[in-house]
Amino acid sequence: MLASVIGAVLAILQPDGRTTSLANTMDLARLVDLAAERLRVSVEYDPGAVKGSVTLRLAGPVDDAGLWEVVNRQLATRGLTTIVLPGADAYSVVQVQAAAGLARIEWEYDASADLSPSEVRASGLRADLRPGFVTIAFRPRPTALVSELIEVGRQIASKPGGQVTALGSSNTLIISDFSARVDQIIAALVRVDQQAEPVVTESVPLKFVSPLQASALAMQMRLKREAAGALTLRGEVIPAPGGRNVMILAPVSDVAGWRDILGSIDQLEPVIRRTYPMTSHSSAEAASLIDLTIRQDPNEEPDPRFRVVTDLLTESLIITATASQHAQIEGILARLADIPASERRQMRSIPVKHRPAADVLSIVDALIDAGAVSLEPNTEGQQASADDRAGITRNPGGLESADAQSPNRGQPDAARAESRPARRSETSDLSLTLDSGTSTILAIGPPRILDQVEALIAALDVRQRQVELQVLLVSLSESQTRALGAEIRGEVGLGEIDLKLASLFGLSSAAGDAVPGLGSAAGLSGLVLSPGEFSVLLRALETVNQGRSLSMPRVIVASSQLATIDAVLQQPFSSINAGDTVSTTSFGGTQDAGTQVTLAPQVSSADHIILEYSISLSAFVGESPAEGLPPPRQQNRLQSIVTIPDGSTIAIGGIELNTESRAVSQIPFFGDLPLVGELLKNRSRTEGRQRFYAFIRPTILRADDFSDLKYLSRQSADDAGVDDEPVLVPRVIR
């Protein structure tokens with residue numbers, strides 16, 4: 001059975017050795033292996049990528065070239081192909097998308113030599129077996145238009161995988177694609193290259209339009225002509241460096257078409273200077289409106305010759321512009337003159353009393369952008385556009401210049417307000433300016449719109465409620481230490497030898513040869529002494545510590561503002577620099593310890609307080625471990641966001657730390673003996689407990705006349721024994 005299956009799958013070599021019969025169904029990897037063996041070439045591939053079975057319906061046996069074509073065709077249907085890597089002596093199977101970046105350049109085609117690809121193709125591993133995917137270099141004739149050839153090649157190249165690119169700035173194309181498709185691309189490029197005309201460069205002077213404008217408009221007009229059905233105009237127009245010329249780069253037959261386009265573009269109207277007296281409006285305001293309308297029109301390129309000069313002495317405008325622009329200016333001035341006196345623009349000074357003026361102005365700007373203010377209708381009687389409502393002006397390049405694209409975007413509101421110019425609308429001519437020195441917003445515009453702006457500012461200028469925050473920080477510490485130990489000294493005589501033994505743990509100080517002293521250590525001490533024979537010292541000590549630390553800072557802060565309370569002790573430490581002969585001691589810095597509280601309350605509409613807090617309590621817990629090092633420090637910190645009812649005290653967190661340690665010092669072996677061992681050891685036991693709690697009580701100050709704030713201040717002054725109110729003493733003035 002196995003032999004029959006193998007016989008059905010494997011290819012059968014014909015006796016003549018020139019053709020191969022293939023089974024109807026076989027593995028793709030087996031087909032590749034068979035071709036490599038039959039054609040006597042090396043093929044490298046990843047078994048994980050070359051997998052699956054293929055179904056072949058062939059009319060009969062195939063020769064070597066046909067067998068290689070079958071292999072590449074089956075690989076291509078699975079997104080694979082064969083290439084030759086640079087310097088390799090074997091074919092490699094890779095993904096089609098990666099083939100262009102891996103394959104070596106097989107051969108070069110020079111169109112100027114009139115040689116066919118087969119005549120200049122270098123032999124590969126086998127001259128008659130090209131890789132399934134090849135990369136070649138195509139050198140067109142010097143007169144060819146490379147950009148046009150690239151466009152033709154890209155239209156024919158297979159997708160994905162096929163590429164036609166220029167080699168740097170040289171006149172050479174790199175073509176990567178399937179072998180059969182490369183031949184088709186070359187044939188098409190040769191046909192186009194043979195029909196190409198010489199490309200010439202011609203300089204055309206301009207009289208009215210700038211070279212940048214002319215080149216851009218010329219390229220746009222070429223596209224419009226093609227869309228209208230005209231023949232494609234080859235080449236391009238670019239600005240010449242310096243002067244007022246443009247350069248035409250095109251075949252000889254297309255130069256005349258480019259000249260016609262440039263001639264139709266370079267027809268700018270001559271400019272005329274006129275004087276416009278101002279009767280109903282100020283010359284500065286009219287000049288600003290005209291400049292915004294004419295110079296910054298987003299539909300037209302800015303004319304560098306357009307100029308508006310304000311004559312403050314005669315209250316007139318001296319304008320240099322074209323005839324069509326003068327017609328627009330006359331329409332603007334006529335519209336301004338027709339405005340009734342009651343509707344003419346006014347200026348109002350609107351003070352901001354309770355909030356930062358920059359914040360209020362920023363909100364008003366946003367409301368105007370959203371359409372909260374009904375601006376004046378435009379000249380066609382329609383509602384103002386979104387740009388008009390937002391007060392957006394346009395720069396010569398056609399880009400919006402509102403707050404969203406301001407260079408100060410992301411800065412604080414105050415910085416943005418001070419650096420931002422006055423907001424204007426082209427239809428309502430509304431202007432808002434901030435005077436940060438007097439906390440006043442200056443508004444210029446029609447009275448009806450100014451009434452709306454003033455109402456908005458009045459609604460926003462509401463005093464922010466303040467919050468009194470009382471914080472109670474409690475730190476509790478408990479510790480208990482017990483120590484019990486004994487020391488023994490004795491003498492034993494062995495004939496003429498005196499043997500002295502002692503078990504010492506540092507509980508006593510030597511007072512004689514064999515007599516221990518009680519020393520100055522605390523605790524219960526007992527001494528049993530037989531002079532000349534032995535002495536026994538007993539010591540017992542128990543230490544109990546209980547500590548309590550309270551810290552109760554209080555702060556008053558406005559809603560949505562940040563309050564910080566710091567009570568920090570700075571412990572300096574030194575830095576020692578040791579050299580070969582001398583060492584120097586310098587200031588190394590400080591280590592901070594104390595209480596640090598950061599609070600940011602926000603009063604909600606339900607009179608709850610949303611509080612963002614960060615509380616840190618740290619303290620030094622010992623001596624410096626070494627000279628030049630800061631002392632050890634323990635820090636407890638709580639940080640979160642909570643919602644607290646007004647006037648309620650809540651515990652926002654707690655930290656508890658329990659420690660326990662036991663230590664035993666004893667004489668080896670003898671200390672483990674029952675009863676007797678207790679006299680030969682020293683015991684100590686330490687237990688500790690530390691707790692840290694934080695309590696916060698917020699109180700909203702509601703009095704409009706600040707009477708509650710005055711009461712709290714007076715109460716604190718009385719507690720401190722401070723009289724902060726001035727005493728008026730009458731005096732006689734002669």
Side-chain angles (χ1 to χ4, degrees), residues 276-296 308-317 329 332-379 384 387-393 401-403 406 413-414 416-461:
Y276 296 89
M278 296 291 102
T279 57
S280 59
H281 294 78
S282 69
S283 57
E285 294 174 350
S288 176
L289 180 59
I290 292 172
D291 187 74
L292 290 174
T293 306
I294 305 298
R295 186 190 301 277
Q296 302 189 25
V308 178
V309 177
T310 303
D311 186 357
L312 299 178
L313 297 177
T314 61
E315 278 294 318
S316 59
L317 298 179
I329 295 171
I332 294 173
L333 296 179
R335 187 171 67 252
L336 293 177
D338 292 339
I339 298 177
S342 59
E343 292 293 330
R344 291 174 183 171
R345 298 171 66 245
Q346 299 177 357
M347 185 184 74
R348 293 186 188 178
S349 177
I350 307 174
V352 180
K353 302 177 181 179
H354 304 293
R355 298 186 59 184
D359 294 348
V360 175
L361 178 59
S362 177
I363 298 174
V364 171
D365 285 343
L367 292 174
I368 293 176
D369 294 342
V373 176
S374 299
L375 300 180
E376 291 296 311
N378 55 25
T379 56
D387 288 351
D388 296 333
R389 291 195 305 268
I392 295 176
T393 61
S401 58
D403 284 346
S406 172
D413 291 339
R416 295 177 58 196
E418 292 182 5
S419 60
R420 181 177 56 242
R423 297 290 303 270
R424 289 185 180 273
S425 170
E426 295 179 7
T427 52
S428 67
D429 204 19
L430 173 65
S431 173
L432 298 177
T433 305
L434 172 64
D435 181 5
S436 57
T438 60
S439 189
T440 301
I441 295 177
L442 303 177
I444 301 176
R448 182 177 60 84
I449 296 180
L450 293 182
D451 292 339
Q452 299 179 49
V453 173
E454 193 168 11
L456 281 178
I457 295 176
L460 296 173
D461 189 20

For this session: Search all heavy atoms of Ala287 against all heavy atoms of Thr310 and return the closest pair with its distance.
Result: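 Taking Ala287 first and Thr310 second, the nearest heavy atoms are CB-OG1, 3.6 Å.
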Problem set entry | Non-hydrogen atoms of Ile441 and Ala357 that approach each other most closely |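 The pair with the smallest heavy-atom distance is CD1-O, 4.3 Å.
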Do [X] and [Y] have side chains that get closer than 4.5 Å, going by heavy atoms?
X      : Y      : value
Leu317 : Ile329 : no
Ile350 : Thr440 : no
Val352 : Leu361 : no

Exercise. Sequence neighbours excluded, which residues qualify as side-chain hydrogen bond (donor to acceptor under 3.5 Å, both in side chains) partners of Asp461?
Worked result: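 In terms of side-chain hydrogen bond (donor to acceptor under 3.5 Å, both in side chains), with neighbours along the sequence ignored, Asp461 is linked to no residue.
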Problem set entry | Any residue meeting side-chain hydrogen bond (donor to acceptor under 3.5 Å, both in side chains) with Ser439, in chain and number order, not counting sequence neighbours |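 By the side-chain hydrogen bond (donor to acceptor under 3.5 Å, both in side chains) rule, Ser439 matches no residue at all.
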Problem set entry | Ile363 and its side-chain contact (heavy atoms from CB on, under 4.5 Å) partner, picked from Val360, Asp365, Leu367 |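 Output: one option passes, namely Leu367.
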Exercise. When rounded to the nearest 0.5 angstrom, what is the spacing between CG in Leu333 and CD1 in Ile290?
Worked result: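 Leu333 atom CG to Ile290 atom CD1 measures 4.5 Å (nearest 0.5 Å).
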